[in-house]
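Single-structure report; data block below.
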Amino acid sequence: MHRCLLKTIEIWMAKSDSGYLSDEFINELQNCDKNKPVLVKETLQAKRLLELARCTLVDIERIGRDDRPDPLQNKVTVGTYRDEQDIREKMLAYLLKLAGLLAIDIRTLSDVLVDHIGLSDPLNPEDVLNSLNQARWNPISKGRTLKITCHHPAVDLALREHIKGTDEILSYILRQVAEKQGTISTLQGLPTHLLPDGIAPEKYNNVPVYQTPHVNFQLAHDEIRELLMGEQLYGDPTLAIRELYQNALDACRYREARLEYLQQRGNYQGEKWEGKIIFRQAKDEQGREYIECEDNGIGMEMQHLSQCFARAGRRFADLPEFIEEQAEWLKCDPPIRLYPNSQFGVGVLSYFMLTDEIEVETCRLDHQGKPTRQLQVRIPGSSGLFRMQDLRKGRDSGTRIRLYLNRTHHQNKPISCLEILKRLLWVADYKTEVKEFERQEFWESGQLRHPELSDEFYINANHPNLWWITEKGCILSDGLVTEELHPCVVVNLSRSRRPKLTVDRKKIIEWDRNWARNELIKGWESLLNWSSLSMEWLWELEKSEISLAEHIVNLLIKNNTQITTTVETKHDKVSQIKVPLAEIGCCFVDARFKKR
């Protein structure tokens, strides 16, 4: 519960702003120094106290970030002329963050503690607290080591993991000191490292109650990486193309949301932006064949490459930057929401089903709507070692990902980026272009493009994501085909309506059928202008969605609709006639008696 809450922005917001902090608490915090001198009032501002408290519990990189709303300052002068003082907010935040970790809050320790409560080898939380109360950080050379006696192996393991993480944060702080000096140079006096060498098991009859080193289930790094990069999990290597598109789609949606926020705030004076995604399949100067995807979306900086792109299982929606930014968006009128289609954070590894080498060029759009630095990343081989290079100041944000193909055929058929996208992408959110050697095709934004049927065989159902279709319909996820087929409709589940999918993104686990049915019923009048409306089509709709069909038929009858049907005469001649639907009704078993 504690960790879940820490991932939500609402725990730092007042109830009046849709948060969890009571307004009484906020008022008390703001008024606790009302009778104090000016120096105290300006020092103990509620906003500053909340921000410093927050920095003790969130990602360490938040402290140094200047691209977020109301960032901490290196130095702020408070008080009147006679008693003014400088507050080094960032230095104070680093100290509080480190102090909180060294205090060892039991709520921040590993899940291994919770896993052992109530088992046959029980762990008593009160005993853990008593042990922690006896712990001490002893000096060792220029560092510190934790001295504690543990009665349970889970406590020992949790503390070792905690010390490892705390030592990494200490190293990060010391790097900031070395790089920036200035107002945080005082932190040079911090310990240089932290060690777990003083952790020891309790003894019973002079025998340790548990043995070290610990043995526990772990993932075999190389084998798991090969699994996530291989066809055993996804089955079809061409799904790497799908992943390229989905990542580009997320990037464009992110940029669109950030620009909309800046426009609402009146802080964006740039040109009107239109999202665009381009796929290319060609050969480079050395004759190596590649497939690449380029978008003009949000782009990435070093932290996004290292914390998200390079970390399997980590989605950009989990990054503190996105969580904080979305909280600001929700305060807008109307609120701005971004619904990432990334569900697992492992899809980028599917690239290695098609490639042994990846090249990335990317430029991030900052929080003021301006491009940052153009970065290049080369990833030679599945070892995952990134070689990064800062190229220049970027002209526009976006990302280009190139996959050098390790195969040109799959199941004895040439790998064709264009043919794959024609099969996968039915509805594009943004204008999409595919160039494959001499061939070139376009997808217009928001328009249905069926891989087999021309547009005369389907019609929009008065909704941007719903269509009636003569045959071979499908339930789409963000415009992409799934294995959830439907003979009479195309439903694009997008943004807030996005479905739950299997890891290979082929099958839908859960989606809102009631919403789709109700919206299709609302769009019934579009059928009146559809040349493909027929009795045969209504029979197919009834067989697949009887409730929907009943509503549609009743509405058509109320409209006195004449319905087209095909009949066979005694001489096996086929003809089409129009009949009043009110007179013959609709029941799919009638198809057996059409011959007269």
Side-chain angles (χ1 to χ4, degrees), residues 1-8 10-11 20 56-60 97-137 145-170 194-205 207-228 233 307-308 311-315 317-320 323 342-346 349 500 502-503 509:
M1 176 66 75
H2 181 260
R3 293 186 187 180
C4 181
L5 286 172
L6 288 181
K7 291 182 179 180
T8 65
E10 289 84 0
I11 63 169
Y20 300 152
T56 65
L57 295 171
V58 297
D59 194 282
I60 184 69
K97 174 69 175 179
L98 185 59
L101 292 169
L102 293 176
I104 312 180
D105 184 345
I106 190 174
R107 296 170 300 177
T108 65
L109 294 181
S110 168
D111 293 341
V112 69
L113 296 180
V114 178
D115 291 343
H116 282 79
I117 294 176
L119 298 181
S120 57
D121 184 15
L123 179 66
N124 188 327
E126 187 175 350
D127 292 339
V128 178
L129 288 172
N130 291 334
S131 296
L132 291 178
N133 288 335
Q134 304 301 317
R136 177 183 175 86
W137 291 99
T145 184
L146 184 67
K147 178 70 174 179
I148 185 174
T149 300
C150 300
H151 67 285
H152 197 285
V155 179
D156 186 308
L157 179 60
L159 287 173
R160 292 178 187 274
E161 292 178 356
H162 180 78
I163 292 170
K164 181 181 178 182
T166 304
D167 186 60
E168 291 173 355
I169 287 175
L170 173 60
L194 302 172
L195 298 173
D197 296 356
I199 301 177
E202 187 178 283
K203 292 186 177 181
Y204 181 74
N205 290 334
V207 177
V209 295
Y210 60 85
Q211 297 295 317
T212 56
H214 300 288
V215 178
N216 60 321
F217 282 114
Q218 296 181 351
L219 297 179
H221 180 269
D222 292 340
E223 289 78 2
I224 290 296
R225 186 182 63 204
E226 291 300 321
L227 173 64
L228 294 175
L233 181 63
Q307 294 181 14
C308 190
R311 292 184 63 180
R314 187 83 181 270
R315 307 175 306 148
D318 298 326
L319 297 180
I323 296 171
S342 174
Q343 296 187 16
F344 308 104
V346 297
L349 296 178
K500 285 185 178 181
T502 54
V503 176
I509 299 173

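All residue numbers in this chain count up from 1 along the given sequence.
- Between the N205 side chain and the V207 main chain, no donor and acceptor come within less than 3.5 Å of each other.
- Between P208 and E202, every side-chain heavy-atom pair lies at or beyond the 4.5 Å cut-off.
- For the pair L123/H151, a side-chain contact is recorded, criterion being any heavy-atom separation below 4.5 Å from C-beta on.
- Shown here are the side-chain hydrogen bond (donor to acceptor under 3.5 Å, both in side chains) partners of N130, two or more places apart in sequence or in another chain: there are none.
- Between L195 and W137, the shortest heavy-atom contact is O-CZ3, 4.4 Å.
- Of the candidates L170, I163, L146, T166, L102 forms a side-chain contact (heavy atoms from CB on, under 4.5 Å) with just one, namely T166.
- A distance-only check finds a donor-acceptor pair linking the side chain of H162 to the backbone of L101 [under 3.5 Å].
- The side chain to side chain contact (heavy atoms under 4.5 Å, CB included) search around V114 returns none, not counting sequence neighbours.
- Formation of a donor-acceptor pair under 3.5 Å by the D167 side chain with backbone atoms of L194 is found in this model.
- Here V112 pairs with S110, H116, A154, L157, A158 under the side chain to side chain contact (heavy atoms under 4.5 Å, CB included) rule; sequence neighbours left out.
- Remark: D105 engages R107 in a side-chain hydrogen bond (donor to acceptor under 3.5 Å, both in side chains) (not counting sequence neighbours).
- With a 4.5 Å cut-off on side-chain heavy atoms, S131 and T149 do not count as touching.
- Side-chain contact between R160 and H214 is present, with heavy atoms from C-beta onward closer than 4.5 Å.
- The two atoms that bring K97 and I169 nearest to each other are CE-CD1, 4.1 Å, heavy atoms only.
- With sequence neighbours left out, the side chain to side chain contact (heavy atoms under 4.5 Å, CB included) criterion links T56 to L96.
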Report the C-alpha separation of I148 and R136 in whole Å, then their side-chain angles, then the decisive distance to 0.1 Å, and conclude whether the side-chain contact (heavy atoms from CB on, under 4.5 Å) test is met.
-> CA-CA 7 Å; I148 185 174; R136 177 183 175 86; over 6 Å; no
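- In this structure L129 satisfies the side chain to side chain contact (heavy atoms under 4.5 Å, CB included) test together with I106, sequence neighbours excluded.
- Looking at V209, T212, I199 one by one, the single match for side-chain contact (heavy atoms from CB on, under 4.5 Å) with C150 turns out to be I199.
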